[in-house]
Trainee: 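I have a structure here, written as structure tokens, and I will follow up with some questions on it.
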Amino acid sequence: HSPYTLSLHDALPISNQRLPTKNGLLDWDCVEALSIPDIKASLSHIQDHGSFPVGPPSSKLRRRPEPPLNAGQPQFDSKEDRNDVGHCPVSPEAIAGLKGRVAAWTQPGRPGHGILTSSESPLRLCIFDGFLLYAPSMAEIQPHIDIKLFLRVGYEKAKARREARTGYATIEGWWADPPGYVDKIVWPNYVEDHAWMFEDGNVEGKFKEDVLKETGIHAQSQQGPDVDLETTLVWTVDVIMKSLEELSSGDKKS
């Protein structure tokens, strides 16, 4: 029952002729660059069947064989395996410790017992990663996300991380940011799409706690941006275990 990951970047893009231009650059970091119907169809299939919807490979670059396409499934073609992963900043000791905590949590008499191993309906986890998940423009897909986690980053680190990358594999080919793309596109879009979650619209400031509660979004609200990944991973595992307990309890009552 290992988790599997669906990235928002896997969503099929529309033609670049329909993308908006901002500050003289083509904007690939906006909702117009995504196919919302394909995202909704994929998430619905995952929720109903506990597996990825699959389709024929759309690129000669694919390296992994695909299962036959079921005519009842929406098409889905991931290309995230072609992007560099980089070094994991979480220590092996921390990962081993978290594995031990989860294993203990699933034992008889513990809150997690039976949640992941139910003989009637075993639970599978899909981690859906994306840069616009909680933007108002993505409201259609948000009901399909059961546990909402928001991880934030400050401007300096976001800029350094983005500009350190050589490029990205996309459905249509290879994309490399043009000069000035972070300051002209990426960061302004991030501020515009997420200001509603923060006091005074300051995305490097304090969250609006009432907004987080109302929307069911979990965030490290007691800490500033740029929390280290190991701390974030521990927090994430805690949130997921607690949320699964709550969801399981709700299912049993209903």
Trainee: Which atom pair, heavy atoms only, marks the closest approach of G205 to R152?
Mentor: O-NH1, 2.8 Å
Trainee: Please identify each residue that fulfils salt bridge (Lys or Arg N to Asp or Glu O under 4.0 Å) with K40, with sequence neighbours left out.
Mentor: E140
Trainee: Return yes if some donor-acceptor pair links the side-chain N/O of T21 with the main-chain N/O of G24 below 3.5 Å, else return no.
Mentor: no
Trainee: Could you measure the distance from the SG atom of C30 to the CD atom of E192? Nearest 0.5 Å is fine.
Mentor: 10.0 Å
Trainee: Could I get the full list of ring pair (Phe, Tyr, Trp, His ring centres under 6.0 Å) partners for W235, not counting sequence neighbours?
Mentor: none
Trainee: Give me the atom names and distance for the closest heavy-atom approach of E32 to P20.
Mentor: CB-CD, 3.9 Å
Trainee: Does one side chain, of Q107 or H113, offer a donor that lies under 3.5 Å from an acceptor on the other?
Mentor: no
Trainee: Could you check whether any side-chain heavy atom of D27 comes within less than 4.5 Å of a side-chain heavy atom of L19, counting everything from C-beta outward?
Mentor: no
Trainee: Can you name the closest pair of heavy atoms from P178 and L25 and give their distance?
Mentor: CG-CD2, 4.0 Å
Trainee: If you take all heavy atoms of Q142 and A135, which pair is closest and at what distance?
Mentor: NE2-O, 3.0 Å
Trainee: Find out if a path of hydrophobic residues (ILVMFWY) with successive side-chain heavy-atom gaps under 4.5 Å connects V153 to M197.
Mentor: no
Trainee: Please report whether the ring centroid of H194 lies less than 6.0 Å from that of F150.
Mentor: yes
Trainee: Could you grab the distance from atom OG of S243 to atom CG of L149, nearest 0.5 Å is fine?
Mentor: 7.5 Å
Trainee: Pairs under 3.5 angstrom only: tabulate donor-acceptor contacts from the side chains of residues 206-214 to other protein residues two or more places apart or in another chain.
Mentor:
from, atom 1, to, atom 2, distance (Å)
E209, OE2, S221, OG, 3.0

Trainee: Are any of the side-chain heavy atoms of H144 and S44 separated by less than 4.5 Å?
Mentor: yes
Trainee: For the side chain of S249 and the backbone of E245, is there at least one donor-acceptor N/O pair under 3.5 Å apart?
Mentor: no
Trainee: In the single-linkage hydrophobic clustering (I, L, V, M, F, W, Y; side-chain heavy atoms under 4.5 Å), do V227 and V239 co-cluster?
Mentor: no
Trainee: Counting C-beta onward and ignoring hydrogens, is there a side-chain heavy-atom pair between V237 and W105 closer than 4.5 Å?
Mentor: no
Trainee: Looking at CG of L98 and CD1 of I95, how far apart are the two atoms once the value is rounded to the nearest 0.5 Å?
Mentor: 8.0 Å
Trainee: Can you tell me if CG on N202 sees more than 12 non-hydrogen neighbours from other groups inside 6.0 Å?
Mentor: yes
Trainee: Going by heavy atoms in the side chains, are E163 and D177 under 4.5 Å from each other?
Mentor: no
Trainee: Take V191 and V203 through the side-chain contact (heavy atoms from CB on, under 4.5 Å) test and state the conclusion after the steps.
Mentor: CA-CA 6 Å; V191 173; V203 298; 3.9 Å; yes
Trainee: Which side-chain N or O atoms in residues 179-186 pair as donor and acceptor under 3.5 Å with protein atoms at least two apart or in another chain?
Mentor:
from, atom 1, to, atom 2, distance (Å)
Y181, OH, W28, N, 3.0
Y181, OH, D29, N, 3.4
Y181, OH, D29, OD1, 2.7
D183, OD1, Y155, OH, 2.5
D183, OD2, K159, NZ, 2.8

Trainee: Side chain to side chain donor-acceptor pair (under 3.5 Å) with R101: which residues, sequence neighbours excluded?
Mentor: D238
Trainee: Which heavy atom of W187 sits nearest to which heavy atom of G154, and what is that distance?
Mentor: CH2-C, 3.8 Å
Trainee: Look up atom CE in M138 and atom CD1 in I145, then write down how far apart they are to the nearest 0.5 Å.
Mentor: 7.5 Å
Trainee: From D146 CG over to L43 CG, what is the distance, rounded to the nearest 0.5 angstrom?
Mentor: 9.5 Å
Trainee: Are there more than 12 heavy atoms of other residues, nucleotides or ligands under 6.0 Å from atom NZ of K242?
Mentor: no
Trainee: For Q47 versus P143, what's the shortest heavy-atom pair and its separation?
Mentor: NE2-O, 4.4 Å
Trainee: Within the side chain of S248, is there an N or O that forms a donor-acceptor pair under 3.5 Å with the backbone of L244?
Mentor: no
Trainee: Could you measure the distance from the CG atom of L133 to the CD1 atom of I39? Nearest 0.5 Å is fine.
Mentor: 8.5 Å
Trainee: Does D226 have any salt bridge (Lys or Arg N to Asp or Glu O under 4.0 Å) partners at least two apart in sequence or in another chain, and if so, which?
Mentor: none
Trainee: Tell me, do L132 and D193 make a side-chain contact under 4.5 Å, heavy atoms counted?
Mentor: yes
Trainee: Might you work through the side-chain contact (heavy atoms from CB on, under 4.5 Å) test for F52 and I46, ending with a clear yes or no?
Mentor: CA-CA 6 Å; F52 278 155; I46 289 168; 3.8 Å; yes
